[in-house]
Number of protein chains: 4
Amino acid sequence: MRTEQARSVSRRQKIMDSALEVFARRGYRDTAMDEIAAAAETSKGGVYFHFPSKQAIFLALLDRMANLLQGRAEAAMAAEPDPVAKFDAALLVMVRTFAGHRPLARLFLVEALGAGPDFNQRMLEIHADFAGLIERHLDEVVALGVIPPLDTHVAGKAWFGALNEVVTTWVLAEEPTDLEQHYPALRMFLLRSVGINEPSGLWRVPG
Amino acid sequence: MRTEQARSVSRRQKIMDSALEVFARRGYRDTAMDEIAAAAETSKGGVYFHFPSKQAIFLALLDRMANLLQGRAEAAMAAEPDPVAKFDAALLVMVRTFAGHRPLARLFLVEALGAGPDFNQRMLEIHADFAGLIERHLDEVVALGVIPPLDTHVAGKAWFGALNEVVTTWVLAEEPTDLEQHYPALRMFLLRSVGINEPSGLWRVPG
Amino acid sequence: MRTEQARSVSRRQKIMDSALEVFARRGYRDTAMDEIAAAAETSKGGVYFHFPSKQAIFLALLDRMANLLQGRAEAAMAAEPDPVAKFDAALLVMVRTFAGHRPLARLFLVEALGAGPDFNQRMLEIHADFAGLIERHLDEVVALGVIPPLDTHVAGKAWFGALNEVVTTWVLAEEPTDLEQHYPALRMFLLRSVGINEPSGLWRVPG
Amino acid sequence: MRTEQARSVSRRQKIMDSALEVFARRGYRDTAMDEIAAAAETSKGGVYFHFPSKQAIFLALLDRMANLLQGRAEAAMAAEPDPVAKFDAALLVMVRTFAGHRPLARLFLVEALGAGPDFNQRMLEIHADFAGLIERHLDEVVALGVIPPLDTHVAGKAWFGALNEVVTTWVLAEEPTDLEQHYPALRMFLLRSVGINEPSGLWRVPG
DNA sequence: GATGAATGAGCATTCATTCAT
DNA sequence: AATGAATGAATGCTCATTCAT
């Protein structure tokens with residue numbers, strides 16, 4: 001029993017991993033279930049046993065990425081006492097997570113947006129989650145008087161959008177460069193944008 | 001014949017307008033050529049007489065939007081002598097242009113990403129054009145000593161990404177709000193992000 | 001499963017048989033995959049499961065006919081010890097094979113040649129195979145001194161062409177006659193053409 | 001008037017010449033009227049002014065070739081008094097005519113078969129004309145006692161078929177060789193096939 | 001659990017033909 | 001005579017999904 005359940009779980013994982021790879025390489029719409037099945041070394045029927053539809057696989061991958069990012073970001077923020085350091089940590093963790101999962105990043109930032117009207121609302125939610133995470137933290141920091149008051153709702157979106165664009169161009173580039181090299185500039189851009197002008201050298205890259 | 005040429009041009013326009021409407025409503029992939037033809041009140045063959053493929057129609061629409069945005073932005077910047085006011089003018093013009101062309105904005109920011117790998121490179125170019133426009137202007141402003149030195153390449157992308165995200169969430173919302181209401185906050189966010197901390201109230205919304 | 005394999009094979013056969021009938025009746029180009037599917041009592045997708053393309057079905061039929069003819073011709077020749085009798089046997093077997101498979105004959109001699117540039121090279125090969133079979137045998141017979149030396153390469157083609165023409169006109173005729181009735185005349189024509197002038201039943205080397 | 005008529009005739013000719021070139025290069029079915037129009041440096045409507053349909057152009061070309069061949073063959077035969085020399089002259093003229101008009105030969109022997117059932121009856125007629133020409137002459141020669149009695153109907157077809165096959169393989173070859181080099185062997189094959197065994201050297205290739 | 005086979009709606013594209021100008 | 005524009009039926013092929021075994 002235990003064994004069979006474990007086998008089923010690992011099968012599911014293998015299908016998701018294979019689907020991720022194919023989606024990232026061919027695009028969501030251009031990926032056929034046959035290709036996913038072949039990549040997962042199973043049959044089409046086998047895939048359908050574990051997932052009810054192609055959409056469902058895609059959504060599962062989206063959730064995996066969203067959870068990965070949110071979890072890591074929140075953990076990193078929790079680990080830092082200083083308000084500004086929290087931003088810093090979250091940004092770095094996100095850059096590094098994307099950098100380490102290029103196909104997933106592609107799915108998340110490129111394919112998911114264009115996968116059709118069915119996914120738009122889900123993407124809106126996911127974007128809102130991230131922007132909201134930033135927004136709430138900005139609210140705290142404003143409350144603490146660390147930064148001047150600002151429209152944290154827009155700032156949250158803009159913050160997320162700035163990161164998005166940098167990662168997206170990296171994801172779409174034919175020959176990927178090192179994403180992390182852009183972190184310092186992006187960090188300064190984002191901190192300044194919310195009114196944090198730190199004396200140079202005061203902030204260090206954590207970890 | 002002057003008349004025939006004019007008719008041909010207007011037919012082309014009508015097809016593009018109809019295609020825009022359908023693409024925005026149904027998504028690029030879910031749009032059938034039949035729907036475009038029907039919306040343009042012509043036949044499928046008629047559409048193919050004016051455009052060689054579905055892709056070509058989409059690319060033509062993309063270029064229309066890109067040219068519209070770039071033209072307006074550059075004109076607005078040229079009309080302002082003050083360096084900071086140039087940014088301001090460009091940002092406002094872009095927000096207003098998107099606000100006034102929601103379907104085109106949707107195509108530009110959402111559908112283009114899901115239209116398949118063929119479009120990715122084209123999108124990359126378009127994004128690079130905008131980011132480059134900002135980057136070049138930032139370089140000038142840095143050279144003038146108006147703002148401190150910074151990585152203008154990343155800043156250009158981030159600037160564009162921040163705008164993108166605000167517009168994208170507006171585009172995807174079920175019930176569109178007034179996009180322009182976010183302009184002041186976005187403006188402050190972006191100016192600060194490149195080191196311009198103006199005393200509040202000094203800058204007014206032009207025009 | 002033995003059963004499933006058998007079913008799959010028989011399905012394939014049924015599709016080929018149906019396709020043969022439709023191709024022969026309507027011509028290769030005018031045959032729609034839908035018609036083949038309908039004739040095979042399956043769906044278009046079903047046909048595509050067994051064959052990757054319309055071309056592939058056609059080529060499979062071509063190979064079937066080529067193998068049938070070559071196999072029978074070679075078997076008939078092997079069964080006869082006398083050199084001249086070998087020719088005789090091969091010719092008779094080919095006439096009879098065509099006579100018994102009129103649709104296949106039509107495909108082979110009419111449709112295949114005109115099915116488009118893609119098939120030309122394949123047809124060239126098939127024609128060369130047959131002409132070569134005759135050519136090689138003529139070479140042997142020449143070597144044995146049974147017939148005088150001659151350009152066996154051209155003779156092989158001409159032999160095959162003569163047979164072709166007789167069968168082709170039979171195939172294209174509205175009301176088919178009995179093809180085999182032409183065998184004796186064709187036989188005499190071909191034997192004489194390579195220098196075999198037989199007075200009643202007696203074989204001698206001319207010249 | 002004279003001028004306009006002449007212009008119209010030459011236009012017609014130009015269309016036929018262009019169509020021949022395109023048909024031979026792309027095949028009948030794969031040739032679009034657009035291509036013919038472009039090759040003839042006119043518009044689609046212009047082509048339709050001179051010919052009512054694509055079929056009509058093809059048939060006109062077929063007739064052109066048939067008339068060319070028949071005319072030349074009959075003239076050559078008329079010019080020779082000797083019965084056997086008549087055959088010889090006809091064969092040589094046909095080989096030379098095909099050799100000098102490869103695209104037309106392709107149309108005549110290859111494309112016409114794939115042009116669809118509509119053309120089959122016409123082709124049958126054309127083949128019958130040629131075979132009949134030979135058959136009638138064979139009848140005469142038999143009547144003169146030059147050759148022994150034989151089934152001249154089948155012999156006519158076989159004669160034409162042998163020539164066909166040699167020309168067809170030449171037409172389909174990627175790199176065309178010199179068709180005429182096969183004439184002597186073909187000549188001997190055909191003469192022998194009807195019972196003419198001439199001492200070698202007696203017959204020379206005419207002019 | 002898994003698979004091969006089948007389904008059938010859907011779609012981009014082609015193209016001979018027509019016709020107003 | 002000629003043209004550009006338009007038509008619309010036709011077609012090969014794809015693919016998510018279903019299901020008997």
Side-chain angles (χ1 to χ4, degrees), chain A residues 4-5 7-8 11-12 29-37 40-57, chain B residues 1 3-5 7-8 11-12 15 29-38 40-57, chain C residues 1 3-5 7-8 11-12 15 29-37 40-57, chain D residues 4-5 7-8 11-12 15 29-37 40-57:
Chain A
E4 286 188 11
Q5 283 180 356
R7 191 182 306 159
S8 182
R11 259 285 199 248
R12 215 185 127 86
R29 302 298 287 251
D30 288 333
T31 294
M33 289 298 267
D34 270 318
E35 292 177 87
I36 296 175
E41 291 174 301
T42 182
S43 66
K44 228 186 316 195
V47 175
Y48 273 95
F49 181 80
H50 292 281
F51 292 90
S53 69
K54 189 177 161 187
Q55 270 201 32
I57 305 178
Chain B
M1 289 292 124
T3 320
E4 288 189 11
Q5 283 181 349
R7 190 181 305 161
S8 184
R11 258 285 199 249
R12 216 186 125 87
I15 290 169
R29 304 298 285 253
D30 289 331
T31 294
M33 288 299 267
D34 271 317
E35 293 177 86
I36 296 175
E41 291 175 299
T42 183
S43 65
K44 225 189 309 197
V47 175
Y48 274 97
F49 183 81
H50 292 280
F51 293 91
S53 68
K54 191 177 160 186
Q55 269 202 32
I57 304 178
Chain C
M1 289 292 123
T3 320
E4 288 189 10
Q5 282 181 349
R7 190 181 306 161
S8 184
R11 260 284 200 249
R12 216 186 126 87
I15 291 169
R29 302 297 285 253
D30 288 332
T31 294
M33 289 299 268
D34 273 316
E35 293 177 86
I36 296 176
E41 290 175 299
T42 182
S43 64
K44 223 189 314 197
V47 175
Y48 274 97
F49 183 80
H50 292 281
F51 293 91
S53 68
K54 190 177 160 186
Q55 270 203 32
I57 304 178
Chain D
E4 286 187 12
Q5 282 179 356
R7 190 184 305 158
S8 182
R11 258 284 199 247
R12 215 186 126 86
I15 290 169
R29 303 298 285 252
D30 288 333
T31 294
M33 288 298 267
D34 270 318
E35 291 177 87
I36 295 174
E41 291 174 300
T42 181
S43 66
K44 229 186 315 196
V47 175
Y48 273 95
F49 180 81
H50 292 281
F51 293 91
S53 69
K54 189 178 161 186
Q55 270 202 32
I57 305 178

Q) Dot-bracket for DNA chain F: what is it, with Watson-Crick or G-U pairs under 3.5 Å, [ ] where a pair crosses earlier ones, and | for a pair to another strand? A) .||||||||||||||||||||
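Taking the side chain of His50(B) as heavy atoms from C-beta on, and the options dT17(E), dA6(F), dT13(E), the nearest nucleotide is dA6(F). Counting only heavy atoms from C-beta on, Thr42(D) has its side chain closest to dT3(F) among dT17(F), dT3(F), dA5(E). Among the nucleotides dA16(F), dA2(E), dT17(E), the one closest to the side chain of Ser43(A) is dA2(E). Residue Tyr48(A) has its side chain nearest to dT17(F) when only dT3(F), dA5(E), dT17(F) are considered. Nearest nucleotide to the Ala32(C) side chain, out of dA5(E), dA2(E), dT11(F): dT11(F). Side chain of Arg11(C), nearest nucleotide from dG4(F), dA6(E), dA2(E): dA6(E).
Note: NZ (Lys54(C)) to C1' (dA10(F)) measures 11 Å, nearest angstrom. Between the P atom of dT17(F) and the CD1 atom of Ile36(A) lies a distance of 10 Å, rounded to the nearest Å. Across the protein-nucleic acid pair, Arg12(C) atom CZ and dG4(E) atom P stand 17 Å apart, rounded to whole Å. Rounded to a whole Å, the CD atom of Glu35(B) is 11 Å from the C1' atom of dG10(E). Across the protein-nucleic acid pair, Met33(D) atom CE and dT18(E) atom P stand 10 Å apart, rounded to whole Å. Rounded to an integer number of Å, the gap from Phe49(A) CZ to dC19(F) C1' is 14 Å. When rounded to the nearest whole Å, the span between CZ of Arg29(C) and P of dT14(E) equals 14 Å. For Phe51(C) and dT14(F), the CZ to P distance is 16 Å, given to the nearest whole Å.
The side chain to side chain contact (heavy atoms under 4.5 Å, CB included) search around Ser53(D) returns Gln55(D), Ala56(D), not counting sequence neighbours. For Lys54(A), the side chain to side chain donor-acceptor pair (under 3.5 Å) criterion is met by no residue, not counting sequence neighbours. In this structure, Phe49(B) has no side chain to side chain contact (heavy atoms under 4.5 Å, CB included) partners at least two apart in sequence or on a different chain.
Counting distance only, with no hydrogens placed and no angle test, the side-chain atoms of Lys44(D) and the base atoms of dT3(F) include no donor-acceptor pair under 3.5 Å.
Between Asp30(D) and Glu35(D), the shortest heavy-atom contact is O-OE2, 3.4 Å. The two residues Ala37(B) and Lys44(B) make their nearest non-hydrogen contact at CB-N, 3.7 Å. Closest of all the heavy-atom pairs between His50(B) and Arg12(B) is O-NH1, 3.5 Å.
From Ile15(D), atom CD1 reaches atom CE of Met33(D) across 8.5 Å, with rounding to the nearest 0.5 Å. We find the OG1-OH distance between Thr42(A) and Tyr48(A) to be 13.0 Å, quoted to the nearest 0.5 Å.
Comparing Ser53(B) and Val47(C) by the nucleotide of DNA chain E that holds the closest heavy atom to each, the one mapping nearer the 5' end is Val47(C). Mapping Asp30(A) and Gly45(A) onto DNA chain F via the closest heavy atom, the residue that lands nearer the 5' end is Asp30(A). With the nearest nucleotide of DNA chain E identified for both Thr31(B) and Pro52(D), Thr31(B) has the one nearer the 5' end. Sequence order on DNA chain F of the closest nucleotides to Asp34(C) and Glu41(D) puts Glu41(D) first from the 5' end.
On the P atoms, dT21(F) is 22 Å away from dG1(E), given to the nearest whole Å.
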